[in-house]
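Residue numbers run from 1 in the order of the sequence given.
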Amino acid sequence: MQTAADAGDAATLLAAVPAGRRVALVDPRFVGHVHALRLGLTDPRFAAATVPGALTAQPEARGALLRALRRTTAAVGAGAPVVAADTDPAPEDRTVPGRIAVALEAEGTAVKRPELGSLTACVPADAGARATAENARDAVDDEAVRLRSAVKAHDGFFTTFAISPYSRYIARWCARRGLTPNQVTTASLITALIAAGAAATGTRGGYIAAGVLLLVSFVLDCTDGQLARYSLQYSTMGAWLDATFDRAKEYAYYAGLAIGAVRGGDDVWVLALGAMVLQACRHVVDFSFNEANHDAVANTSPTAALSDKLDSVGWTVWARRMIVLPIGERWAMIAVLTALTTPRIVFYALLIGCALAACYTTAGRLLRSLTRRASRTDRAAQALADLADSGPLAQGVAAVAPGLRGAFTAPAVALLGTLVMIGGALFLPYGSPLTVAAAVVYVVFSGLAVARPLKGALDWLVPPFFRAAEYVTILVLAARSDAPHAVPAAFGLVSAVAYHHYDTVYRIRGGTGAPPQWLVRTIGGHEGRTALVAVLAAVLTHAAGFTTALTALAVAVALVVLVESIRFWVSSSAPAVHDEGELA
């Protein structure tokens, strides 16, 4: 820490700091909470951030900070405002760091201003103001606010009332011992994998241990995010681990239950894969809708207004959060049913609960889409195109096909192609060449659906239809084959493909765009993989061939997507965010 005599001296001191380090400016008269400074000066997610009396800049914003400092000095010396009054983003912050932050934004660098709530951060102008500020600071428990803000503002009922009251203290315990969120995330994964192994024993004792360990894993899953918020330890690796490990844990546990059931004489692999498919399709509905509408222009809807009105009534908020069966309620249900019943009952409950939740959320999104008056942006259309995961076959059709007109044409065509593909796999004789013909129709319809920008009111349904077509086709063909272990092989294939689709979502959320086109082309796109599985089912009619082919395809897809995903998330281009995941 160094003290500058004036603005010129501050610029000199800043320029002397090594280029790869973060710098901060703090007014020596600052009065406030330590956590207010922590929020303003230590969050790694933002290139620049400020609270009244303090300003920080990451290495990439250092040049702009020096220019803003000089600009502010010149403006103050001339008695002129830093920016015009009607364009000032923070007119209430008249501190020197605050004025520099305004000049920094005028340079084109976004400056984060964290919400302080009851925390104090100010630069008093005189002794009276200082006494008032110090009294306000002393009246609020800094640590209590920090601990409370470590918990997500919007959480599920089970997490809010059964986990967070004590997991926040576990997070603080971890922080005081130097543990990182990534370590806690990894511990959560390991615990869930042990739970899956316990379930795979197929014994009552194993099921009871699995249920207990799954709940412990969930407590750790909540703790890692709370630790990140408590200590402001956000990282690219943390974003990747937190975003993907939830899926890995859940799918591994499904597999463990299925293995345990087989050991007990009950083959439930079809139910396990069905639960995974339904859960993945639920998520892509949420992802697609959010991406299509988060930056919509003139976004109004009577349904949304009704939803906001219901949120003002306490009990309806919790009821609506529980009905969607978020991860907390879902894992609690799985854990209790595992310990007390059988894997088959667990999967029946999952399928019924997730189906009801999917109907509820999808109906609400359909009503909002049909009643709102909004124009979707080019960014939203691109996000939907990326989520569609169209490969070279569909892209080839889209390149030569005319863009179909009509507000609902794209989802209608995608739905028709999906019905043809799933219907062919389900009702045609297994191994029939007509299933391959259905796949050809699906490829053509997939290309037609994305031949024009996806800006229609219901175009967000296109990616979910494609996910359902691919996943369900793989499930049905594997289940109908006589090949031993075909469904477990299909489970592995869908897991690998689903990882790719979740990875696409997390990259888009981080603002870095979808995975590179070479990756999509290499793994064939949704239509290419679906057609390939249909061909394999028609050609490899002998017992072991289809299982071997599905296994080889699963391994190939997993290797390609995992290597590229790991390369991206550990690279400097990955977003430094801590993904909040689904409602927990």
Looking only at heavy atoms, which two atoms of A449 and F466 are closest? And how far apart?
-> CB-CZ, 4.0 Å
Give a yes or no on whether the backbone of [Y] and the side-chain of [X] come within a donor-acceptor separation of less than 3.5 Å.
| X | Y | result |
| --- | --- | --- |
| D267 | W269 | yes |
| T504 | L387 | no |
| E527 | A394 | yes |
| T361 | A358 | yes |
| S369 | L458 | no |
| E564 | L519 | no |
| E329 | F158 | yes |

When rounded to the nearest 0.5 angstrom, what distance separates [atom1] in [X] from [atom2] in [Y]?
| X | Y | atom1 | atom2 | result |
| --- | --- | --- | --- | --- |
| D503 | I508 | CG | CD1 | 10.0 Å |
| Y360 | L325 | OH | CG | 13.0 Å |
| L536 | L550 | CG | CG | 7.0 Å |
| R282 | C359 | CZ | SG | 10.5 Å |
| C281 | F465 | SG | CZ | 10.5 Å |
| D246 | T185 | CG | OG1 | 9.0 Å |

Just by distance, no angles: are the side chains of [X] and [Y] close enough, under 3.5 Å, to form a donor-acceptor pair?
| X | Y | value |
| --- | --- | --- |
| D386 | Q382 | yes |
| S565 | Y499 | yes |
| Y253 | T338 | yes |

Could you tell me whether D286 and R365 make a salt bridge, using a distance below 4.0 angstrom between a side-chain N and a carboxylate O?
-> yes
Please determine if R509 and E291 form a salt bridge, counting it only when a charged side-chain N lies under 4.0 Å from a carboxylate O.
-> no
Taking C-beta and beyond as the side chain, do L461 and F289 meet within less than 4.5 Å on heavy atoms?
-> no
V497 side chain reached by E470 side chain, heavy atoms, under 4.5 Å = yes
Could you tell me whether R247 sits above the aromatic face of Y502, with NZ or CZ closer than 6.0 angstrom to the six-membered ring centre and within 45 degrees of the axis?
-> yes
Could you give me the CA-CA distance, side-chain angles and deciding distance for H500 and D389, then say whether side-chain contact (heavy atoms from CB on, under 4.5 Å) is met?
-> CA-CA 9 Å; H500 163 62; D389 191 34; 3.1 Å; yes
According to the interplanar angle, ranging from 0 to 90°, do the rings of Y471 and H501 count as parallel (below 30°), tilted (30 to 60°) or perpendicular (above 60°)?
-> tilted
Residues at least two apart in sequence or cross-chain that pass side-chain contact (heavy atoms from CB on, under 4.5 Å) with A554, listed by chain then number, are L493
Ring centres of H526 and Y442 under 6.0 Å apart?
-> yes
Residues D224, S188; criterion side-chain contact (heavy atoms from CB on, under 4.5 Å); working and verdict | CA-CA 9 Å; D224 67 356; S188 175; 5.7 Å; no
Under the criterion side-chain contact (heavy atoms from CB on, under 4.5 Å), which of V270, T435, L426 is the partner of V476?
-> L426
side-chain contact (heavy atoms from CB on, under 4.5 Å) evaluation trace for L350 with I334 | CA-CA 8 Å; L350 263 176; I334 294 171; 3.9 Å; yes
